[in-house]
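In what follows, a single structure is set out as structure tokens and then discussed.
Keep in mind that what you see is a predicted model, and the values were worked out from it rather than measured.
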There are 2 protein chains.
Amino acid sequence: MSQRDFVSADEVAQRAGVSRSAVSRAFTPGASVSEATRQKVLQAAEELGYQVNHLARGLMRNESGIVCLIVSDVATPYRSALLRELTLHLQLAGKVAMLINTDRSDGSVNKALQQAIRYRADASVILSGLPDKSITQLCLRSGQRLVLINRDEDQSGPLHINLDDREAAARVVTAFVRAGCTRLAFANSEAGTPSLMAREQGFIAAAREQGLDVVVERHGWTGYEAGQIVAQRLLTRKERPDAVFCATDLLACGFMDAARHQFSLSIPQQLCVVGFDDIEQASWSSYRLTTFSQPVTVIAREAVTWLSESGIAEGRSLTLQADLVWRETIRGG
Amino acid sequence: MSQRDFVSADEVAQRAGVSRSAVSRAFTPGASVSEATRQKVLQAAEELGYQVNHLARGLMRNESGIVCLIVSDVATPYRSALLRELTLHLQLAGKVAMLINTDRSDGSVNKALQQAIRYRADASVILSGLPDKSITQLCLRSGQRLVLINRDEDQSGPLHINLDDREAAARVVTAFVRAGCTRLAFANSEAGTPSLMAREQGFIAAAREQGLDVVVERHGWTGYEAGQIVAQRLLTRKERPDAVFCATDLLACGFMDAARHQFSLSIPQQLCVVGFDDIEQASWSSYRLTTFSQPVTVIAREAVTWLSESGIAEGRSLTLQADLVWRETIRGG
DNA sequence: GCAGCATTTGCACACGCTTGCAAAAAGCGC
DNA sequence: GCGCTTTTTGCAAGCGTGTGCAAATGCTGC
């Protein structure tokens with residue numbers, strides 16, 4: 001390392017002609033300092049370019065101001081949108097985000113949580129994967145807060161934020177039926193995350209209530225290519241589906257592109273499609289996809305207010321509704 | 001705050017029946033500990049769920065392991081891809097990423113850098129905006145490393161990583177001319193960042209060498225909608241362009257969608273389009289956009305190796321080439 | 001000027017860790 | 001066993017900050 005030499009409170013104190021405690025107090029809202037000395041301190045700090053050392057402050061206050069965001073596939077539209085909202089709200093709350101990228105294994109989530117502990121993060125938000133119970137217990141025992149987004153599995157202690165995927169899926173069935181569709185299909189990936197599976201199961205259950213069967217096809221990881229592959233499989237069946245619910249907008253985009261360009265199907269005339277997430281691309285005029293919008297802003301707001309509230313925070317479970325935004329990939333509406 | 005109570009090295013020492021220094025050394029690679037005690041320590045740590053406090057370690061070692069990533073518009077495809085690569089490489093190098101979201105103002109970049117100083121980040125990587133020189137000087141003086149990506153303005157001290165935008169732009173002109181295009185246009189946003197302007201100017205200059213004029217249209221911020229608006233303006237001219245270089249893939253997507261769906265133009269038969277960035281959507285079969293791929297992996301690797309190399313790091317300037325990936329929005333090739 | 005009170009200030013300890021230094025232990029050759 | 005060298009260990013100081021406590025200062029009303 002090169003010689004590192006940040007200016008410390010001592011130097012500021014010396015320059016301002018006060019004690020070091022005065023400096024500390026000048027930077028602590030509500031501390032007991034006269035306006036006169038506070039000004040002297042602030043000016044000296046300004047001149048020297050002093051910034052409070054948050055490592056040391058965190059050590060003393062036992063509160064680092066750091067919140068870990070644990071997520072895989074950051075570069076995905078929905079994930080990055082959620083990330084944007086979270087960091088934004090965190091910054092507004094005076095916290096700072098530490099970003100940890102995981103692969104799709106649960107092991108890497110465990111490692112990420114350990115990193116969160118090492119930096120004494122005030123809280124961790126888990127957007128992907130599911131950590132071992134022993135690790136989450138360790139976090140909670142250490143007084144670190146935990147937010148699980150769309151992770152389903154309920155344990156007391158953390159804040160759980162989930163969408164009502166089953167209810168959404170049921171609405172899709174209704175819309176398809178109303179559009180006169182009879183051959184329903186569900187396009188999914190093999191990721192098997194709680195929310196994806198809930199959508200699938202909710203869709204099948206609601207269809208059955210209408211006396212309809214559902215063809216399910218799953219492939220790979222939840223992305224554009226998977227959508228194309230699944231389209232390949234679904235659209236070559238003798239009984240070609242006339243309505244497809246895609247577990248994800250990304251899947252839907254791949255699916256629609258394949259349907260149009262390889263199978264020359266027109267949407268929604270010959271094929272209705274609904275997605276989930278309302279990523280930006282869903283509104284592009286090549287897609288105009290009818291889909292459910294994830295309330296990312298609400299999710300972020302709820303998460304941040306919960307994890308930054310003072311006192312001990314009770315574990316809670318929050319279920320939000322996803323709004324169906326109607327565009328043009330489904331007849332009627 | 002709830003009662004926070006992380007297990008400390010003392011507790012581990014006590015359980016393992018050794019001194020606190022031994023615990024510290026057991027967690028310091030290359031420190032002087034016998035294998036026997038190290039094992040005792042590691043086991044005790046395991047049992048208690050101990051994790052080294054990196055705030056305290058950072059305080060002592062004068063090296064926090066934190067690297068700040070300063071970026072606006074995280075949710076944008078290119079930015080999030082770069083972010084993914086950076087966090088990935090940082091983690092491989094044993095660092096951890098602190099993510100700071102800025103709006104498009106330079107002021108917010110300054111604030112972000114101050115935050116980086118507060119957490120005593122080992123380095124900061126700036127992906128958007130340009131901080132005041134006084135702040136960057138403060139960073140350097142404090143021994144914090146700085147990486148500026150596509151920020152152009154050269155100052156000694158930081159590592160600068162730039163693309164050869166002008167050269168790329170010249171290649172586009174060549175390709176357009178070879179495709180028989182004569183009415184060239186450039187679609188840009190009003191953001192005016194160095195790389196966007198370099199592409200614009202390089203394009204104009206290269207066209208002039210071929211004796212061709214360029215119509216330039218700029219609108220709003222660099223996104224999909226801007227591309228649509230710019231298309232509106234360019235495609236209603238009496239002399240309709242037959243080749244458009246879009247400063248960004250996102251612009252190109254909006255542009256193409258407008259060209260096709262509102263103006264019923266076919267690409268590349270009636271209109272050639274080239275983008276920049278090679279975002280994922282550029283390869284989607286609705287676009288199949290010919291574009292330049294940003295070497296995000298190389299950028300991330302170079303940045304991380306530079307900022308984590310020991311000794312004092314000389315400021316450097318690195319110029320990379322963007323590869324032209326040929327798809328189907330330009331005739332010939 | 002003085003007693004009585006509220007406000008401000010500095011001292012010193014604590015936070016959890018690393019590391020130089022000297023003492024203790026271990027290994028080695030005889 | 002003894003002197004020697006090498007390895008391991010514990011002590012204690014220090015990193016930069018926050019904060020309780022007691023001393024000091026300022027203010028008020030007489």
Point to revise | Length of the CZ-P vector between B:Arg118 and D:dG16, whole Å | key: 18 Å
Check your understanding: Does A:Tyr50 make a side-chain N or O approach to OP1 or OP2 of D:dT17 shorter than 4.0 Å?
Key -> yes
Review point. How close or far is atom C1' of D:dG20 from atom CZ of A:Arg61, stated in whole angstroms?
Key: 15 Å
Study note, to complete from the structure: To the nearest angstrom, the CG-C1' distance between B:Asn62 and C:dC17 comes to 14 Å
Study note, to complete from the structure: Nearest heavy-atom approach of B:Arg25 to B:Arg38 is O-NH2, 4.5 Å
**Study point:** Length of the line joining B:Gln51:CD and C:dG16:C1', which is rounded to integer Å
**Key:** 15 Å
Check your understanding: Given that A:Thr37 and B:Asp10 both sit by DNA chain C, which one's nearest nucleotide is further toward the 5' end?
Key -> A:Thr37
Point to revise | Side-chain donor-acceptor pair present, A:Gln43, A:Gln39, cut-off under 3.5 Å | key: no
Practice item. Give me the one residue out of B:Leu146, B:Leu159, B:Leu90 that meets side chain to side chain contact (heavy atoms under 4.5 Å, CB included) with B:Leu307. Key: B:Leu90
Check your understanding: Does the D:dG18 base have a donor-acceptor partner in the side chain of A:Arg20 within less than 3.5 Å?
Key -> yes
Revision key, fill the gap. Between A:Ala56 and B:Arg38, the residue closer to the 5' end of DNA chain D by nearest nucleotide is B:Arg38
Review point. CG of B:Leu59 versus P of D:dT17: gap in Å, rounded?
Key: 8 Å
Check your understanding: Does any residue of residues 22-35 of chain B have a heavy atom under 4.0 Å from DNA chain C, and if so, which ones, in number order?
Key -> B:Ser24, B:Arg25
Exercise for review: Assess the side chains of A:Ser134 and A:Asp132: does a donor N or O sit below 3.5 Å from an acceptor N or O?
Suggested key: no
Practice item. Tell me, please, which residues at least two apart from A:Glu11 pass side chain to side chain contact (heavy atoms under 4.5 Å, CB included). Key: A:Val7, A:Ser8, A:Leu48
Point to revise | For A:Asp122 against A:Lys95, the heavy-atom pair lying closest together | key: OD2-NZ, 3.0 Å
Point to revise | Atom pair distance, as rounded to whole Å: CZ in B:Phe6 and P in C:dA14 | key: 22 Å
Point to revise | Heavy-atom closest contact (B:Gln144 atom, B:Ala121 atom, distance) | key: NE2-O, 3.0 Å
Study note, to complete from the structure: In whole angstroms, the gap separating C1' of D:dG16 from CG of A:Asn53 amounts to 6 Å
Review point. For the pair made of CZ in A:Arg57 and C1' in D:dC15, what is the distance, rounded to whole Å?
Key: 17 Å
Review point. Do A:Ser21 and C:dC11 share a donor-acceptor pair, side chain to base, under 3.5 Å?
Key: yes
